[in-house]
K.L.:
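Can you read through this structure? Questions will come right after.
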Amino acid sequence: MAKRNRGTTKKKIEKWTLEGRGQGVGEDYKPWLTIQDVPSEGITPRHKGWKTGRIHHLMSQLELHYLYELEWSQAVIDIREQYPLLPLERTIEIAESLGIKHPNDPKTQEPIVMTTDFMIQQSPPAMISYLQGK
């Protein structure tokens, strides 16, 4: 079996953007990274969320446990994992302004799209109080 091409290139970033990765909400959200995109020697769980109705791609047991917390929170209405920090040019600009080297792919030496483990959407505080009966 051939190994996956995991190197980051401008072409791959454009392809993933066109595929809708890192876009959508709820059931229609597609994570920027899936468990097939990242090499791992550990556990990379996939879990069907009952809030979103879709499979969540998680990179660790810790992320899975945090997802469980989010699933039970009345305040959380949407959960997006492996959320991209785009546009890439902006993260490069921020890194430069802070004097920090922006992460590059070790194989291609091209800048990578950074992600955050979770991007959470919450109900407005008034709605949460209503749901809790206060």
K.L.:
Could you check whether any side-chain heavy atom of Asp117 comes within less than 4.5 Å of a side-chain heavy atom of Glu63, counting everything from C-beta outward?
P.N.:
yes

K.L.:
Under the 3.5 angstrom rule, does the side chain of Lys12 hit a backbone N or O of Gly7 as a donor-acceptor pair?
P.N.:
yes

K.L.:
Would you name the heavy atoms of Ser123 and Ile77 that are closest together and state the gap between them?
P.N.:
OG-CG2, 3.0 Å

K.L.:
Is there side-chain contact between Ile120 and Asp78, with at least one heavy-atom pair below 4.5 Å?
P.N.:
no

K.L.:
Show, in sequence, the C-alpha distance, side-chain angles and deciding distance for Lys10 and Glu110, and conclude whether the side-chain contact (heavy atoms from CB on, under 4.5 Å) test is met.
P.N.:
CA-CA 8 Å; Lys10 203 175 234 184; Glu110 291 193 41; 3.8 Å; yes

K.L.:
So that I can tick it off, tell me whether Glu93 and Arg90 are bridged by a salt bridge, with the cut-off set at under 4.0 angstrom between side-chain N and carboxylate O.
P.N.:
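Yes.
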
K.L.:
Less than 4.5 Å apart, side chain to side chain, heavy atoms only: is that true for Thr116 and Tyr83?
P.N.:
yes

K.L.:
Grab the two heavy atoms, one from Val76 and one from Leu70, that are nearest each other, plus how far apart they are.
P.N.:
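Heavy atoms of Val76 and Leu70 come nearest at CB-O, 3.7 Å.
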
K.L.:
With distance as the sole test, does Glu71 use its side chain to make a donor-acceptor pair with the main-chain N or O of Trp50 at under 3.5 Å?
P.N.:
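Yes.
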
K.L.:
Treat each ILVMFWY residue as a node, draw an edge where side-chain heavy atoms are under 4.5 Å apart, and state whether Val25 and Ile79 are in one component.
P.N.:
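In one cluster with Val25: Ile79, no.
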
K.L.:
How about Arg80 and Pro31: do any of their side-chain heavy atoms sit closer than 4.5 Å?
P.N.:
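No - every pair of side-chain heavy atoms lies 4.5 Å or more apart.
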
K.L.:
Can you find a pair of side-chain heavy atoms, one from Glu81 and one from Met59, that are under 4.5 Å apart?
P.N.:
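No, their side chains stay 4.5 Å or more apart.
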
K.L.:
Dump the intermediate steps for side-chain contact (heavy atoms from CB on, under 4.5 Å) on Thr52 and Glu27, then the final yes or no.
P.N.:
CA-CA 5 Å; Thr52 61; Glu27 190 173 357; 5.7 Å; no

K.L.:
State whether Glu19 and Lys15 are salt-bridged, where the test is any N-O pair (Lys NZ or Arg NE/NH1/NH2 against Asp/Glu carboxylate O) under 4.0 Å.
P.N.:
yes

K.L.:
What are the two closest heavy atoms between Arg46 and Ile55, and how far apart are they?
P.N.:
CB-CG2, 3.7 Å

K.L.:
Within the structure provided, determine whether Trp16 and Lys30 are in side-chain contact (heavy-atom separation under 4.5 Å).
P.N.:
no

K.L.:
Using modelled atom types and a 3.5 Å cut-off, is there a donor and acceptor pairing between side-chain atoms of Lys51 and backbone atoms of Ser73?
P.N.:
yes

K.L.:
May I ask you to check whether Phe118 and Tyr66 place their ring centres under 6.0 Å from each other?
P.N.:
yes

K.L.:
Could you tell me whether Glu69 atom CD has more than 12 heavy atoms of other residues or ligands within 6.0 Å of it?
P.N.:
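No, not enclosed.
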
K.L.:
Is the shortest side-chain heavy-atom distance between Ile13 and Leu88 below 4.5 Å?
P.N.:
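Ile13 vs Leu88: side chains touch.
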
K.L.:
Rounded to the nearest 0.5 Å, what's the gap from CD1 on Ile92 to CD1 on Ile100? Could you check?
P.N.:
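Rounded to the nearest 0.5 Å, the CD1-CD1 separation comes to 13.5 Å.
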
K.L.:
How close do Thr8 and Ile112 get, counting heavy atoms only, and between which atoms?
P.N.:
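Taking Thr8 first and Ile112 second, the nearest heavy atoms are OG1-CG2, 3.7 Å.
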
K.L.:
Flag the pair Glu96 / His102 as yes when at least one side-chain heavy-atom distance between them is below 4.5 Å, and no otherwise.
P.N.:
no

K.L.:
For the CD atom of Gln23 and the OH atom of Tyr29, what is their distance to the nearest 0.5 Å?
P.N.:
9.5 Å

K.L.:
Do you know which two heavy atoms are closest between Leu58 and Leu67, and how far apart they sit?
P.N.:
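Reported closest heavy-atom pair: CD1-CD2, 3.8 Å.
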
K.L.:
Is it possible for you to check whether Arg21 lies under 6.0 Å from the centre of the six-membered ring of Trp32, through NZ or CZ, and within 45° of that ring's axis?
P.N.:
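The answer is no, since Arg21 fails at least one limit relative to Trp32.
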
K.L.:
How long is the span from the NE2 atom in His56 to the CD1 atom in Ile35, to the nearest 0.5 Å?
P.N.:
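The CD1 atom of Ile35 is 13.5 Å from NE2 of His56, to the nearest 0.5 Å.
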
K.L.:
How long is the span from the CD atom in Glu89 to the CD1 atom in Ile94, to the nearest 0.5 Å?
P.N.:
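Nearest 0.5 Å value for the CD-CD1 distance: 11.5 Å.
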
K.L.:
Determine whether a donor-acceptor pair (N or O, by modelled atom type, separation under 3.5 Å) exists between the side chain of Gln82 and the backbone of His57.
P.N.:
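At least one qualifying donor-acceptor pair exists.
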
